[in-house]
2 protein chains.
Amino acid sequence: MAKTTSKKADEAICSERHAATAASIGPLAVDDAQRMGEFFNVLADPTRLRLISLLAAEEFCVCDLASSLGMTDSAISHQLRALRAARLVSYRKEGRQVFYRLHDHHVLDLYQTVREHLDE
Amino acid sequence: MAKTTSKKADEAICSERHAATAASIGPLAVDDAQRMGEFFNVLADPTRLRLISLLAAEEFCVCDLASSLGMTDSAISHQLRALRAARLVSYRKEGRQVFYRLHDHHVLDLYQTVREHLDE
DNA sequence: CAAATACATGAGAGCATGTTCATGTATTTG
DNA sequence: CAAATACATGAACATGCTCTCATGTATTTG
């Protein structure tokens, strides 16, 4: 470990010029980073991404989403809860079914950008 | 639990029409979903997002990144490893320092799209 | 009204992840 | 060459997450 001058965080010696610049611009605030991280985390799960890929085409009820993915209603319902909390999906009740759909275009934008990156 | 006709995954009864449609289009393959999920997961951490926010402006060495975020060299180095593995950053060696920079424009595209979403 | 259906949710098991600590490698300096 | 610097990495602990299981609620049906 770089046991240098300080305890708190290996205070830099290498190039304080850059450190100063960084300090003046400042990194993303911890709170904002936390919030943004939580959002990306919702997209960091295979099941939720597969749900999004289905909902990209049309709306579906929980039951069909579950059978399409070969998973239990319960597991899907839990994941839809996360997608709802992140405002990535909306829903509509019809009788005893609940139909889910993508909330806006942002999701697909992200989806597309990442596909590009992974296909390089 | 919805103990219905099947064991494997609560096979749908509600609307097999939709289920059939979903099956024909088909969700994102599990492998692809896994890979995409792993990528999003790299962006799901506050520290890595703060690193990206710093590198958005200019390149920095590990030491300065660490002191800017008030964290140890070690922690930052571990996180840079994850960013490297996801091909989100590139690096350049100069003497005993290693300068990191963003690899391409995709990262900032994602960053921007998510900010829009969170600011609504 | 009772049974069945469609979905939601709390608790817990099993697994993954970020940080710290200790150590290792490469480069520079005295 | 020896010491110091800048960074990388393995192990381990603490934390968080996804799924299963059990149960609860709302709506429809017989």
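Residue numbers begin at 1 in each chain, while the letters A, B, ... track the order of the sequences.
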Between [N] atom [atom2] and [X] atom [atom1], what is the distance in whole Å?
X     : N      : atom1 : atom2 : result
A/F99 : C/dA8  : CZ    : P     : 12 Å
A/L80 : D/dC19 : CG    : P     : 11 Å
B/R50 : C/dG18 : CZ    : P     : 16 Å
A/Q34 : C/dG18 : CD    : C1'   : 12 Å
A/D45 : C/dC15 : CG    : P     : 17 Å
B/K93 : D/dA8  : NZ    : P     : 8 Å
B/D73 : C/dG24 : CG    : P     : 18 Å
A/I76 : D/dC21 : CD1   : C1'   : 16 Å

Could you tell me how the ring of B/H117 sits relative to the ring of A/F39: parallel (under 30°), tilted (30 to 60°) or perpendicular (over 60°)?
-> tilted

Residue among B/V89, B/V107, B/T47 satisfying side-chain contact (heavy atoms from CB on, under 4.5 Å) with B/I52 | B/V107

With a cut-off of less than 4.0 Å, is there a side-chain N or O of [X] near OP1 or OP2 of [N]?
X     : N     : answer
A/R96 : C/dA3 : no
A/R81 : C/dA8 : no
A/R84 : C/dC7 : no

Side chain of [X] only, please: which of [options] is the nearest?
X     : options               : answer
B/Q97 : D/dA6, C/dT5, D/dC19  : D/dA6
A/C63 : D/dC19, C/dC7, C/dC21 : C/dC7
A/N41 : C/dC7, C/dG18, D/dC17 : D/dC17

C/dT19 base / B/T72 side chain donor-acceptor hit below 3.5 Å | no

Do A/S74 and D/dC21 share a donor-acceptor pair, side chain to base, under 3.5 Å?
-> yes

Tell me, do [X] and [Y] make a side-chain contact under 4.5 Å, heavy atoms counted?
X      : Y      : result
A/M36  : B/Y111 : yes
B/R101 : B/F99  : no
B/D104 : B/R87  : no

What do you reckon, do A/H78 and the base of D/dT18 stack, with centroid distance below 5.5 Å and planes below 30°?
-> no

Result for 5'-nearest mapping on DNA chain D, choosing between A/E94 and A/T47, is A/T47

Which nucleotide, in any strand shown, forms a Watson-Crick or G-U wobble pair with C/dA16, with both distances under 3.5 Å?
-> D/dT15

With a 3.5 angstrom cut-off on both distances, give the Watson-Crick or G-U wobble partner of D/dA2, or none if there isn't one.
-> C/dT29

What is the nucleic acid contact for A/Y91, judged by heavy atoms within less than 4.0 Å: base, sugar-phosphate only, or nothing?
-> nothing

Using only heavy-atom distances, determine whether the side chains of B/Y100 and B/R92 contain a donor-acceptor pair under 3.5 Å.
-> no

